[in-house]
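For reference, the structure discussed in these notes is given below.
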Amino acid sequence: MVTNKVRVRFAPSPTGFFHIGSARTALFNWLYARHTGGTFVLRIEDTDKERNSEAFLNVIYESLKWLGMDWDEGPGKSGDFGPYRQSERDHVYREYLEKLKAAGRTYEKDGAVYFKLLGERSEVFDEHRKKTVTKVAAAPAIIDDQIRGRVERVEDEDFVIVRSDGNPVFHFVNVVDDIAMQITHVIRGEDHLSNTSKHVELFKAFGVTPPKFAHIPLILKSDGPGKMSKRDRGALIEEYQKRGFLPEAVVNFLCLLGWNPGDDREKMPVAEIVKLFDLPGVNQSNARFDEKKMAHMNMLYVLEQPAERFVELARAHLTQHNVTAALAAEPAYFREVMLLSQPKIKGLEELPAYTAYFFTEDYATDEKVRGKVMGKGDPKARLRELIEVLRAADFSSDTAIETAIKDLATKNALGFGDYQAVARLAVSGTNVGPSITGMFRVLGRERVLARLERFLAAA
RNA sequence: GCCCUCAUCGUCUAGCGGCUAGGACGGGGCCCUCUCAAGGCCCAAACCGGGGUUCGAUUCCCCGUGAGGGCGCCA
């Protein structure tokens, strides 16, 4: 069965947490598959038995699902090219190894199987590795790269394809599976570019035309030298999930690291990205990770969430973080508090602190703010006036409350702010929060009056 | 050390021989305003260096320099 349909694969190895760089590689593969109407294959490269773990494997599945990258073939899916875990494909590797042996392209040394390059051999002392190695004067491998153009590199040393313990190594299984799974485009990080000459030699040895390669730029750490590593802040996908980032914001941000639609657009729905994404649009230079820009993108998505979805997201986030006081509240009240907060926060992670005083009478008071607010005029007198007015005020809408306070201020030749500041301090303990009228309306008359009186008594 | 890749504001980037070098994040200022945000307007901020090619280079070529990657019986 030969088709010209695009088949791409994302081939992570479960040896660590799911990294932002891996996520973007997955994303570019997924986008390309969806853009071309091709097939997105998930293949697990778990040939290193020592370092693999099922826990990490689940993190990969969960992260991909969370980001909305569904795979067409792979673990948990049917497919004509399975199994999709390399640990279960030993028979395939054995079969392909025989082909290489039959072609006289292998030899054994120290119990390991080596792939034999074609060309003149000579012994050379390698300064870097401090040992003598056998160099092969091979013809350069041609890498047809969709992003970098034609790249030539000479592979000049035989390399191990099966370890002495019998397990095949990455370069070998990677190529074998790309052949067996009929992969048409290999989209991966630029850190693999130098290795690609090994892969090209293997493809040639199997008599197969190599797939198109596309080596995408790397993501560099935001400060300091080198590429992003798992220890860097912002490196782990599950961290974004925990912090309440919206997956569509993460996807949108990630796709902009090394790609752009060709114009000024940045915030785009994923369907639009799928429509516009193509390999020639991918940049060639590495990108530095910028947490602030990521946070900004997230805020844009928080702002535009429909009310019901936002409340749902908020509940999920507070549940994940065990914010019991909020979760115990009446659903209708919870909803009002969250919707009041939505336009004011940059991310879900602000929610617990931002809304705490709505769900407890035991909220802290910011002493710095207290000092500032209580030092101006006669705040206690204003509180007393406000309490009087609120006892009879209409609490059914923000504007009704606003009118009541404005009338009071006008009567006493003061401004709205003269009442707002002290009332906010009394009711929330801080100077940060939603509009005072919204706060009053949601908290309700009883709660507001109780808090104002309690504050006044203690002042 | 050898090999590969890359190079525009601090950062992400647009530009594909002729532009006042555009946008976004971040920073600064002003406006709006019940706090804090958000938002609106404005400002500062870049073509790594040197040679070519060309009437003309940010753009094409070469050399430096810088950055990143690879050189495992890891992936």
Side-chain angles (χ1 to χ4, degrees), chain A residues 11-16 22 45-48 50-52 86 109-114 124 126-130 133 143 145 147-149 151-157 159-171 173-174 188-198 215 217-218 220 222-223 225-227 253 256-267 283-297 299-300 303 341 343-346 350 354 369 373 402 405-406 409 415-421 423-425 428 430-439:
Chain A
S13 76
T15 55
S22 305
E45 308 221 328
D46 51 354
T47 54
D48 185 353
E50 299 303 310
R51 303 199 310 159
N52 289 323
Q86 292 185 330
K109 194 175 113 187
D110 304 328
V113 179
Y114 280 72
V124 173
D126 185 309
E127 288 292 339
H128 183 63
R129 285 176 290 175
K130 307 281 185 246
V133 294
I143 300 156
D145 198 285
I147 294 167
R148 288 157 209 286
V151 178
E152 278 187 26
R153 187 172 186 279
V154 179
E155 193 57 46
D156 61 358
E157 272 180 55
F159 53 92
V160 173
I161 53 177
V162 181
R163 300 186 187 99
S164 50
D165 66 3
N167 288 311
V169 306
F170 163 73
H171 302 298
V173 296
N174 192 268
R188 52 166 39 156
E190 199 227 51
D191 48 349
H192 286 291
L193 186 52
S194 293
N195 286 327
T196 305
S197 47
K198 284 188 179 69
H215 286 94
L218 301 179
L220 271 28
S222 43
D223 46 65
K227 61 176 172 173
F253 175 77
L256 258 14
L257 243 37
W259 174 83
N260 67 78
D263 54 38
D264 287 341
R265 272 177 298 174
E266 293 198 330
K267 183 171 171 298
N283 294 133
Q284 312 193 3
S285 50
N286 296 340
R288 214 165 271 280
F289 176 73
D290 184 353
E291 199 183 7
K292 288 228 178 79
K293 190 149 185 170
M294 167 90 202
H296 181 261
M297 182 63 80
M299 181 197 71
L300 261 25
L303 247 32
S341 308
K344 309 286 287 184
I345 57 169
K346 289 176 187 290
E350 290 178 19
Y354 196 82
V369 175
V373 171
E402 188 176 348
I405 300 175
K406 276 206 170 131
F416 187 101
D418 295 311
Y419 291 91
Q420 181 271 145
R424 178 182 295 279
L425 177 69
S428 74
T430 175
N431 65 340
V432 176
S435 73
I436 193 77
T437 54
M439 256 170 71

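Just the heavy atoms: all of them, side chains too, but no hydrogens, waters or symmetry mates, feed the values below. In what follows, chains are A, B, ... by sequence order, proteins preceding strands, each numbered from 1.
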Identify whether any heavy atom of R148(A) sits under 4.0 Å from a base atom; if not, whether one sits that close to sugar-phosphate; answer base, sugar-phosphate or nothing.
-> sugar-phosphate

Between the side-chain atoms of T196(A) and the base atoms of C4(B), is any donor-acceptor pair under 3.5 Å?
-> no

Would you mind pulling out the nucleotide paired to G72(B), Watson-Crick or G-U wobble, both distances under 3.5 Å?
-> none

Heavy atoms under 4.0 Å, any strand shown: does G189(A) hit a base, just sugar-phosphate, or nothing?
-> nothing

Out of C36(B), A75(B), U13(B), which has the shortest distance to the side chain of R51(A)?
-> A75(B)

Which value, in whole Å, describes the distance between the C1' atoms of nucleotides U59(B) and U8(B)?
-> 11 Å

Got T47(A) and N167(A) here, is their nearest side-chain heavy-atom distance under 4.5 Å?
-> no

Do L256(A) and E266(A) have side-chain heavy atoms sitting under 4.5 Å apart?
-> yes

Spacing of the P atoms in C9(B) and C4(B) (rounded, Å) | 26 Å

Between Q420(A) and U35(B), does any side-chain N or O lie under 4.0 Å from OP1 or OP2?
-> no

Taking atom types as they are modelled, is there a donor-acceptor pair under 3.5 Å from the base of C36(B) to the side chain of K344(A)?
-> yes

Atom CH2 of W259(A) and atom P of A24(B) are separated, to the nearest Å, by 18 Å

Let me see the working for L218(A) and D191(A) under side-chain contact (heavy atoms from CB on, under 4.5 Å), right down to the final yes or no.
-> CA-CA 8 Å; L218(A) 301 179; D191(A) 48 349; 3.9 Å; yes

Which of the following nucleotides, C34(B), C12(B), G39(B), is nearest to the side chain of M299(A)?
-> G39(B)

Step by step, work out the side-chain contact (heavy atoms from CB on, under 4.5 Å) result for E190(A) and R148(A).
-> CA-CA 10 Å; E190(A) 199 227 51; R148(A) 288 157 209 286; 3.6 Å; yes

Parallel, tilted or perpendicular: which fits the ring planes of H171(A) and F159(A), with parallel below 30° and perpendicular above 60°?
-> perpendicular

Which base sits across from C55(B) as a Watson-Crick or G-U pair, both distances under 3.5 Å?
-> G18(B)

Should the pair K344(A) and Y354(A) be classed as cation-pi, given the thresholds of under 6.0 Å to the six-membered ring centre and 45° from the axis?
-> no

Distance below 4.0 Å between K346(A) side-chain N/O and A38(B) OP1 or OP2 | yes

Start with the C-alpha distance between E291(A) and S222(A), add both sets of side-chain angles, then the distance that settles side-chain contact (heavy atoms from CB on, under 4.5 Å), and finish with yes or no.
-> CA-CA 8 Å; E291(A) 199 183 7; S222(A) 43; over 6 Å; no

Quantified in whole Å, what is the P atom distance between nucleotide G50(B) and nucleotide A57(B)?
-> 13 Å

Go through C12(B), U5(B), G39(B) for me and flag the one nearest to the L257(A) side chain.
-> C12(B)

Check every strand shown and say whether E266(A) touches a base, only sugar-phosphate, or nothing at a heavy-atom separation below 4.0 Å.
-> base

Watson-Crick or G-U counterpart of U65(B), or none if no pair lies under 3.5 Å = A7(B)

For A75(B) and G70(B), measure between their C1' atoms and round to the nearest Å.
-> 13 Å

Distance, C1' atom - from U11(B) to A45(B), rounded to whole angstrom | 12 Å

Result for 5'-nearest mapping on RNA chain B, choosing between L256(A) and L300(A), is L256(A)

Any idea which of A24(B), A75(B), C34(B) is nearest the S13(A) side chain?
-> A75(B)

Quickly work out the Q284(A) CD to U59(B) C1' distance and round it to whole Å.
-> 14 Å

Which atom pairs link the protein and nucleotides 68-73 of chain B when you take only N or O atoms and keep those under 3.5 Å?
from, atom 1, to, atom 2, distance (Å)
G68(B), OP1, G226(A), N, 3.0
G68(B), O2', N286(A), ND2, 2.9
G69(B), OP1, K227(A), N, 3.2
G69(B), O2', D191(A), O, 3.4
G69(B), N2, S194(A), OG, 2.9
G72(B), OP2, R129(A), NE, 3.3
G72(B), OP2, R129(A), NH1, 2.3
C73(B), O2, S164(A), N, 2.6
C73(B), O2, S164(A), OG, 2.8
C73(B), N3, S164(A), OG, 3.0
C73(B), N4, D110(A), O, 2.9

Whole Å only: how far is the CG atom of D223(A) from the P atom of A67(B)?
-> 16 Å

Could you state the atom-to-atom distance from CG of D290(A) to C1' of U11(B) in whole Å?
-> 5 Å

Identity of whatever pairs with C30(B) - Watson-Crick or G-U, under 3.5 angstrom | G40(B)

Whole angstrom value for the distance that separates P of A75(B) from CD of Q86(A) = 9 Å

Nearest-angstrom distance, P atom, U20(B) to C36(B) = 42 Å

With E157(A) via side chain to side chain donor-acceptor pair (under 3.5 Å) - residues at least two apart | R129(A), K135(A)

Rounded to whole angstrom units, what separation is found between the NZ atom of K267(A) and the C1' atom of G23(B)?
-> 17 Å

Which residue lies toward the 5' end of RNA chain B, E152(A) or V432(A), if each is placed at its nearest nucleotide?
-> E152(A)

At their closest point, which heavy atom of D145(A) faces which heavy atom of H215(A), and how far apart are they?
-> OD2-ND1, 2.7 Å

In whole angstrom, what separates N260(A)'s CG from U8(B)'s P?
-> 14 Å

If we take the P atom in both A38(B) and C6(B), what is their distance in whole Å?
-> 39 Å

Could you go step by step and tell me if Y419(A) and R424(A) meet the side-chain contact (heavy atoms from CB on, under 4.5 Å) rule?
-> CA-CA 8 Å; Y419(A) 291 91; R424(A) 178 182 295 279; over 6 Å; no

Check whether any side-chain N or O of T47(A) sits under 4.0 Å from OP1 or OP2 of A75(B), and answer yes or no.
-> yes

How far, in whole Å, is A21(B) from G29(B) if one measures between their P atoms?
-> 28 Å

Atom NZ of K292(A) and atom P of G27(B): how far apart are they, to the nearest Å?
-> 6 Å

